[in-house]
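Quick notes on the structure that follows.
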Protein chains: 2
Amino acid sequence: MTSGRSSRGGAPTTEGVSRTASAKAPERGIPEATVARLPVYLRALITLSDREIATCSSEELAAAAGVNSAKLRKDLSYLGSYGTRGVGYDVEYLRYQIAREIGVTQDWPVVIVGIGNLGHALANYSGFSSRGFRIVALLDSDPARHGEPLGDRFIRDFADLETIVREHDVAIGVIATPAHAAQDVCDRLVACGVTSILNFAPSVLSVPEGVDVRKVDLSIELQILAYHEQRKSAAYDADALTEPEIAAAVVESA
Amino acid sequence: MTSGRSSRGGAPTTEGVSRTASAKAPERGIPEATVARLPVYLRALITLSDREIATCSSEELAAAAGVNSAKLRKDLSYLGSYGTRGVGYDVEYLRYQIAREIGVTQDWPVVIVGIGNLGHALANYSGFSSRGFRIVALLDSDPARHGEPLGDRFIRDFADLETIVREHDVAIGVIATPAHAAQDVCDRLVACGVTSILNFAPSVLSVPEGVDVRKVDLSIELQILAYHEQRKSAAYDADALTEPEIAAAVVESA
DNA sequence: CTCAGTTTGTTCCCACGTTCACAAACTCCT
DNA sequence: AGGAGTTTGTGAACGTGGGAACAAACTGAG
Ligand SMILES: NC(=O)c1ccc[n+]([C@@H]2O[C@H](COP(=O)([O-])OP(=O)(O)OC[C@H]3O[C@@H](n4cnc5c(N)ncnc54)[C@H](O)[C@@H]3O)[C@@H](O)[C@H]2O)c1
Ligand SMILES: NC(=O)c1ccc[n+]([C@@H]2O[C@H](COP(=O)([O-])OP(=O)(O)OC[C@H]3O[C@@H](n4cnc5c(N)ncnc54)[C@H](O)[C@@H]3O)[C@@H](O)[C@H]2O)c1
């Protein structure tokens, strides 16, 4: 296999270059910004699919996904040429191609660690399973919680982690413990072979090379909103000046 | 002080321009990427402060925040010159300056709409109030939930939204309803005068100019992890096949 | 077949963000 | 005071991402 060549859109002239992808190695790598948008496109396509729409233009899909159509086309071009000029994209076909590229045609086993307020909400969340993720275990270190039924599972001892990860070949872990426990839990997950971590705790995790961490931080999101909110008020308040400049500005405007 | 120009990075020559901030108006604007990191620095500083550390270098603070020290210094330089060369930064002073810049020295009233699984977790979350955000109302459209006690509040009718927003001068709203209700809730929030929205529902919200929306989307985060996870396996699996080859591969594997 | 109309895939250019590297500014020791 | 050592603030190089614009590739009518 891998014989086809077929000259992809990428580097056209630099065919059988022998040097080992010096410095710049795009090598089928999709830009991170594009990867982050593919799930959005996928969701939009599923919506169109549910409405039994067979075909759509980049303009329509872009509108549904809330992005610029040029950006959408460029994003999709990284995956290949799945559209037809003059026509548009076949919804089902494109949907499958994006799902395959992201990797959600297969099922990903996931463990959740820390079943408190947030962990309970996550465990009850149906959007998990409907998008290719299967919760194989809910783990907590608190013995008082062990055995508690939740969704279609029971809360289990965090000490069982290694057994579970091995048994189900778990690659993705979710951390929903307090911040002070997060690094420790993270280390244990990594030690068991988990290589992707979604962290809800407000703490900076350090992991070895090859392990991906993404964080979801509510406080940060709110603080970003607060920053912009403050600037909106300041706009008519006092044109956003630093304190020392205020005096000077007053003089100028006079 | 200051006043002496000192040639800021921004537009130096375009001093007292009369045109209304045409097109490019950096005008003391802090880069978005920097704004997103300031809360992380703030958290790191609070940790240092709790440990009664009075001073820190950019190197130390950067390590605590999980970023490059050059990036940290550049980020801080947008706020002003709050460090001392040869010494470092005063923890308390810098902490206050960042908090002020973000706007968390004041208290921001927040409403949460949709008190289901996620809404309950958010309502119980202590990290809200400890970071300058005060939940002034928990709203749900389901009459069965009205009056239910939660944290130090009760769940109230979504219809009360306008009264509450006016009374508390709420600028920030959190949406935790199902996706199909999100746009409607968003419109109602905006109509009442809310200008910043944090959206947990997996849907694209459209808002008028001047309203900020940030989304937190668990599924997207997991799908991004899945993408990278898939590439990790593919690396030694089959060197990344092109589409036409997939069909062949599938046949082979059968 | 040809031509007009449509829509994709790609190129080009600009803006933004990251990192390096170094002068400027400070402390401390002699 | 002066010089060695330290650390900030920033200019410049580099890389990534976004958007306009257009050639290429398709459809369908005449
Ligand atoms: N609740 C929210 O809405 C919310 C929002 C944003 C972020 N967060 C963050 O998510 C995390 C969890 O929040 P929460 O409200 O669910 O807290 P919580 O205290 O309700 O739950 C934490 C759970 O983790 C368990 N735990 C503690 N140490 C553990 C360990 N070493 N191993 C395994 N389990 C352990 C505890 O037994 C508890 O059940 C916190 O870091 C919080 O800051 C929560
Ligand atoms: N539960 C999770 O862990 C989780 C994780 C990520 C994203 N989400 C998303 O967050 C949202 C909420 O999830 P959930 O699990 O809490 O769902 P849920 O069904 O448990 O709760 C939704 C709540 O919203 C209320 N509601 C419905 N329509 C409303 C309206 N028009 N106005 C006001 N309230 C209304 C319902 O009465 C219900 O109480 C969903 O969009 C979900 O996809 C949830």
Side-chain angles (χ1 to χ4, degrees), chain A residues 6-13 21-27 29-38 40-41 54-63 65-91 93-94 97-98 224, chain B residues 1-2 4-12 22-27 29-38 40-41 54-63 65-91 93-94 97-98 243:
Chain A
S6 80
S7 77
R8 289 203 74 264
T13 53
S22 71
K24 46 169 57 187
E27 192 70 25
I30 297 177
E32 207 38 49
T34 297
V35 171
R37 282 187 295 267
L38 290 179
V40 181
Y41 302 154
T55 292
C56 70
S57 68
S58 64
E59 206 72 50
E60 293 165 326
L61 185 53
V67 301
N68 181 308
S69 72
K71 182 150 59 179
L72 176 113
R73 288 199 299 277
K74 185 181 281 196
D75 283 342
L76 294 184
S77 77
Y78 289 115
L79 313 192
S81 286
Y82 296 136
T84 309
R85 299 177 187 209
V87 179
Y89 300 93
D90 181 286
V91 172
Y93 183 57
L94 185 57
Q97 293 299 340
I98 293 180
I224 294 171
Chain B
M1 48 217 84
T2 347
R5 277 298 69 209
S6 78
S7 76
R8 290 201 72 264
S22 73
K24 47 169 56 188
E27 193 69 27
I30 296 178
E32 217 19 64
T34 297
V35 171
R37 282 187 296 267
L38 290 179
V40 181
Y41 303 154
T55 293
C56 70
S57 69
S58 64
E59 205 72 50
E60 293 165 324
L61 186 53
V67 301
N68 183 307
S69 72
K71 183 149 57 179
L72 175 112
R73 286 199 301 276
K74 177 152 283 195
D75 284 342
L76 294 185
S77 78
Y78 290 114
L79 311 193
S81 286
Y82 296 136
T84 309
R85 301 179 186 208
V87 179
Y89 300 94
D90 182 284
V91 172
Y93 183 57
L94 185 57
Q97 291 299 339
I98 293 180
E243 322 75 55

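Naming: A, B, ... by sequence-line order, numbering from 1 per chain.
Scanning both residues, A:L38 and A:I98, for their nearest heavy atoms gives O-CG2, 3.8 Å. The two residues B:A62 and B:S69 come nearest to each other via the heavy atoms CB-CA, 3.5 Å. The nearest pair of heavy atoms linking A:Y41 to A:L61 is O-CD1, 4.4 Å.
Looking at B:Q97 and B:Y89, their side chains never come closer than 4.5 Å, going by heavy atoms from C-beta outward. Taking the side chain as every heavy atom from C-beta outward, B:T34 and B:K71 never approach each other to under 4.5 Å.
Here the P atom of nucleotide D:dT16 and the CZ atom of A:R37 are 15 Å apart, to the nearest Å. Note: CG (B:L72) to C1' (D:dT7) measures 12 Å, nearest angstrom. Distance B:D75 CG to C:dT18 P: 7 Å, rounded to the nearest Å. When the C1' atom of D:dT8 is taken as reference, atom CD of B:E60 falls 14 Å away, rounded to whole Å. Rounded to whole Å, atom P of C:dG9 lies 12 Å from atom CG of A:L61. Counting to the nearest Å, the C1' atom of C:dT8 and the OH atom of A:Y41 are 15 Å from each other. One atom, CG of B:L79, and another, P of D:dG9, lie 10 Å apart when rounded to the nearest Å. Between B:L76 atom CG and C:dT18 atom P there is a gap of 14 Å when expressed in whole angstrom units.
The shortest distance between the side-chain N/O atoms of A:R73 and the OP1/OP2 oxygens of D:dG18 is not below 4.0 Å. Within the 4.0 Å cut-off from OP1 or OP2 of D:dT7, not a single side-chain nitrogen or oxygen of B:S57 is found. Residue B:N68 has no polar side-chain atom (N or O) positioned under 4.0 Å from OP1 or OP2 of C:dG17.
Taking CZ of A:R37 as the reference point, atom CD of A:E32 lies at 10.5 Å (rounded to 0.5 Å).
At least one donor-acceptor pair closer than 3.5 Å links the side chain of B:S57 to the backbone N or O of B:E60.
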Report task. Would you mind building the protein contact string for nucleotides 25-30 of chain C? One character per nucleotide, 5' to 3', B for base within reach (heavy atoms under 4.0 Å), S for sugar-phosphate only, - for untouched. Result -> BBS---
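Side-chain to base pairing of B:K74 with C:dT19: one donor and one acceptor N or O lie within less than 3.5 Å of each other.
Comparing atom distances between the A:Y89 side chain and each of D:dG18, D:dA20, C:dT8 picks out C:dT8 as nearest. Proximity note for A:K71 (side chain, C-beta onward) versus D:dG19, C:dT8, C:dC20: the nearest is D:dG19. Listed candidates were C:dT8, D:dG9, D:dG17. Nearest to the side chain of A:E32 is D:dG17.
Every stem involving DNA chain C, taken as at least 3 paired positions in a row under the Watson-Crick or G-U wobble test at 3.5 Å, is listed here: C:1-30 with D:1-30.
Looking at B:T55 and B:D90, their side chains never bring a donor and an acceptor atom within 3.5 Å of each other.
Of the residues listed (B:D75, B:L72, B:L76, B:N68), the one engaging B:S58 in a side chain to side chain contact (heavy atoms under 4.5 Å, CB included) is B:L72, and it is the only one.
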